[in-house]
Protein chains: 2
Amino acid sequence: MFIRVDSSNGVPVYEQIVRQVKFAIADGVVAAGDLLPSVRELARELAINPNTVARAYRDLQSQELVELASGIGLSVRGGAKRECQTQRRQLLQARVGQVLEEAFRSGLDAAAVRRLVDAELTRLEKQFMGNGNHE
Amino acid sequence: MFIRVDSSNGVPVYEQIVRQVKFAIADGVVAAGDLLPSVRELARELAINPNTVARAYRDLQSQELVELASGIGLSVRGGAKRECQTQRRQLLQARVGQVLEEAFRSGLDAAAVRRLVDAELTRLEKQFMGNGNHE
DNA sequence: ACTACCGTACTAGTGCGATAGTACACATTT
DNA sequence: AAATGTGTACTATCGCACTAGTACGGTAGT
């Protein structure tokens, strides 16, 4: 699967899994009715403990994004895609707000912030040129 | 002092202290030669353990931003202000880059990102209207 | 000298994320 | 019926950030 975790960045691994599964749902990489990779399979793939994956899946289930197909696995629920897209958009907006607020606190004014954003934007445009992203 | 910590956001408290002391130095709130608040005083103020503050101060000392005035306290070193300003600028630029990259990955194009940034920017401008910040 | 304050060092205990191993109920496949 | 694979539950253990309390050497004020 498309999931990658980094155990050294402070963010709990199970949260990283939850986040990336949500992104996969939002992107349509897994559609409604599709099964998530099994707990043991994903654990083997990521070289982590099955309990950690199970913890992430439990969270996804309690958020009603995914439902138990008993004996089969966990399947993506109907409204999950739109919900994940909404959550992703809200998360992004919040992070943009945080960073801009930090920029203000650093003494930059709106014009300086705009310059900084534009500089990073053109840098990233070169990097992402001509591909439909979704690593 | 001007420091505020949040023990429930995952970031170690001592790192929050290091970060905010650096910001205070960058902003000139504490100038070269000034003493930092004592370990015990800051610990009492933040309602945390003195060891946690001591840990933060040890980091600042090993980064040569602050030096031991034996028996007196820790004083801000000469080049610290410029160094902290540089670090803060680099940190900010990196965070802007991260967020914009995440925006690209969410499927937004450069124009959409610019719209999102502008929206947050005008929202924050209202909030910060007519004050020299530094909460 | 005495007291008070400074940073530092040390040990012990707590909370939480993660690991490790086992057991269980369920469904599919053979 | 048996084997395999699914998610789940449970206990034990480990590491790390943090708390808690104490002790020590250095400096200033009296």
Side-chain angles (χ1 to χ4, degrees), chain A residues 1 3-22 24-25 30 33-77 80, chain B residues 1 3-22 24-25 30 33-77 80:
Chain A
M1 202 182 178
I3 288 186
R4 197 170 295 270
V5 295
D6 173 15
S7 53
S8 68
N9 68 356
V11 181
V13 172
Y14 73 90
E15 282 184 15
Q16 297 182 39
I17 295 174
V18 168
R19 202 179 85 108
Q20 294 191 38
V21 169
K22 284 183 182 177
I25 294 175
V30 285
D34 287 355
L35 295 177
L36 295 187
S38 82
V39 168
R40 293 170 180 82
E41 178 192 352
L42 185 55
R44 189 169 6 96
E45 213 168 297
L46 300 178
I48 61 176
N49 193 280
N51 286 325
T52 305
V53 179
R55 166 72 191 274
Y57 280 11
R58 184 156 47 86
D59 283 7
L60 288 167
Q61 206 175 342
S62 71
Q63 289 179 47
E64 302 185 342
L65 297 171
V66 96
E67 64 189 349
L68 178 61
S70 197
I72 307 295
L74 291 177
S75 72
V76 177
R77 295 185 62 164
Chain B
M1 203 184 177
I3 287 187
R4 197 170 296 269
V5 296
D6 174 14
S7 54
S8 68
N9 69 357
V11 181
V13 173
Y14 71 91
E15 282 183 17
Q16 297 182 40
I17 296 174
V18 169
R19 202 179 84 109
Q20 294 191 38
V21 169
K22 284 183 182 177
I25 295 174
V30 285
D34 287 354
L35 294 177
L36 296 187
S38 83
V39 167
R40 292 170 180 80
E41 179 191 350
L42 185 54
R44 186 168 10 93
E45 213 167 298
L46 300 179
I48 60 177
N49 192 280
N51 286 324
T52 305
V53 179
R55 167 70 192 275
Y57 281 11
R58 185 155 46 86
D59 284 8
L60 289 167
Q61 205 174 344
S62 71
Q63 288 179 47
E64 302 184 341
L65 297 171
V66 96
E67 63 190 349
L68 179 62
S70 199
I72 308 294
L74 290 177
S75 72
V76 178
R77 297 185 61 166

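In what follows, every chain begins at residue 1, and chains take the letters A, B, ... in the order their sequences are listed.
One cannot find a donor-acceptor pair under 3.5 Å joining the base of dG21(D) and the side-chain atoms of N49(B). Counting atom types as modelled, R40(A) pairs no side-chain N or O with a base atom of dG5(D) as donor and acceptor under 3.5 Å.
Ranking dT19(D), dG7(C), dA27(C) by closeness to the L74(B) side chain, first place goes to dG7(C).
Remark: P of dC18(D) and CD of E15(B) are 7 Å apart, rounded to the nearest angstrom. For the pair L60(B) CG and dG7(C) P, the interatomic distance rounds to 12 Å; values are reported in whole Å. Protein atom CG of L68(B) is 19 Å distant from nucleotide atom P of dC5(C), rounded to whole Å. Regarding N51(A), its CG atom lies at a distance of 9 Å from the C1' atom of dG21(C), rounded to whole Å. Rounded to whole angstrom, the span from the CD atom of Q61(B) across to the C1' atom of dC6(C) amounts to 12 Å. Rounded to an integer number of Å, the gap from D59(A) CG to dT8(D) C1' is 14 Å. Rounding to whole angstrom units, CG of residue D6(A) and P of dA18(C) are separated by 12 Å. In this entry the distance linking CG of L35(A) with C1' of dG7(D) reads 12 Å, nearest Å.
For R58(B) and Y14(A), each mapped to the nucleotide of DNA chain C holding its nearest heavy atom, the one lying further toward the 5' end belongs to R58(B).
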Inset, instruction - Kindly indicate, with the supporting measurements, whether the criterion side-chain contact (heavy atoms from CB on, under 4.5 Å) is fulfilled by I17(A) and L46(A). - result: CA-CA 10 Å; I17(A) 295 174; L46(A) 300 178; 4.2 Å; yes
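For dT19(C), one of the phosphate oxygens OP1 or OP2 lies less than 4.0 angstrom from a side-chain nitrogen or oxygen of T52(A). OP1 or OP2 of dC5(C) has not a single side-chain nitrogen or oxygen of S38(B) nearer than 4.0 Å.
Side-chain atoms of L60(B) and K22(B), non-hydrogen and from C-beta on, do get closer than 4.5 Å to each other. Within the 4.5 Å cutoff, side-chain heavy atoms of L74(B) are placed close to those of L68(B). Side chains of Y57(A) and S38(A) form no contact here, defined as non-hydrogen atoms less than 4.5 Å apart.
At the heavy-atom level, R55(B) lies nowhere under 4.0 Å from the strands shown.
The nearest pair of heavy atoms linking D59(A) to Y14(A) is OD2-CE1, 3.6 Å.
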